[in-house]
Amino acid sequence: KLIYRFKQIFDSNVSQQEIFNNLVYPFVDDLFSGKNSLLIVHGLKNSGRKYTLYGNEDDPGIIQGVLFSIFDTIKNNQNRKYVIFFNQNN
């Protein structure tokens, strides 16, 4: 018997901003604390994956939200030094 546990379930009326605030922003916050994160968006064909990732001009998706949040955090913390390392093995 398989048991699935969910922390949160959203209905079809949820906004992109609610999804970002509840699911994605904690990963961005962790990034600036030195933690690694991975977000996987999964779903059936035509279920809204691309829209959730990219959104549109009036309702930006996860990717735009992450980029805005990263640059906003850097802008608001100009006195801190940030270093990005790339691991060639991944």
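For the numbers below, each heavy atom of this structure counts, side chains included, while hydrogens, waters and symmetry mates do not.
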| Please walk me through it: do Phe20 and Ser69 pass side-chain contact (heavy atoms from CB on, under 4.5 Å)? | CA-CA 10 Å; Phe20 180 80; Ser69 294; 3.3 Å; yes
| task | May I have the step-by-step check of side-chain hydrogen bond (donor to acceptor under 3.5 Å, both in side chains) for Asn21 and Gln17, ending in yes or no? | result | CA-CA 6 Å; Asn21 290 342; Gln17 190 64 48; 2.9 Å; yes
Show every donor-acceptor pair shorter than 3.5 Å between a side-chain atom in residues 53-60 and any protein atom, with sequence neighbours excluded, or say none if there are none.
| residue | atom | partner | partner atom | Å |
| --- | --- | --- | --- | --- |
| Asn56 | OD1 | Asp58 | N | 3.0 |
| Asn56 | OD1 | Asp59 | N | 2.7 |
| Asp59 | OD2 | Tyr51 | OH | 2.8 |

| message | Contact between Tyr25 and Val66 at the side-chain level, heavy atoms closer than 4.5 Å - yes or no? | response | no
| request: Drop me the distance from Gln16's CD to Ile62's CD1, to the nearest 0.5 angstrom. | output: 7.0 Å
| query | Is Tyr4 isolated, or which residues cluster with it under the ILVMFWY side-chain rule of less than 4.5 Å, directly or via members? | reply | Leu2, Phe6, Ile9
| task | Measure the CG-CG distance between Asn36 and Leu31 for me, rounded to the nearest 0.5 Å. | result | 8.5 Å
| remark: Heavy-atom closest pair (Asn22 atom, Phe10 atom, distance to 0.1 Å) is CB-CZ, 3.9 Å
| message | Are there over 12 heavy-atom neighbours, none belonging to Leu39, within less than 6.0 Å of that residue's CG? | response | yes
| From CG (Leu44) to CZ (Arg49), nearest 0.5 Å | 8.0 Å
| said: Could you check whether any side-chain heavy atom of Lys50 comes within less than 4.5 Å of a side-chain heavy atom of Thr52, counting everything from C-beta outward? | reply: no
| request: Calculate, to the nearest 0.5 Å, the distance between atoms CG and CD belonging to Asn13 and Glu18 respectively. | output: 9.5 Å
| Is atom CZ of Phe68 surrounded by more than 12 heavy atoms (other residues, nucleotides or ligands) closer than 6.0 Å? | no
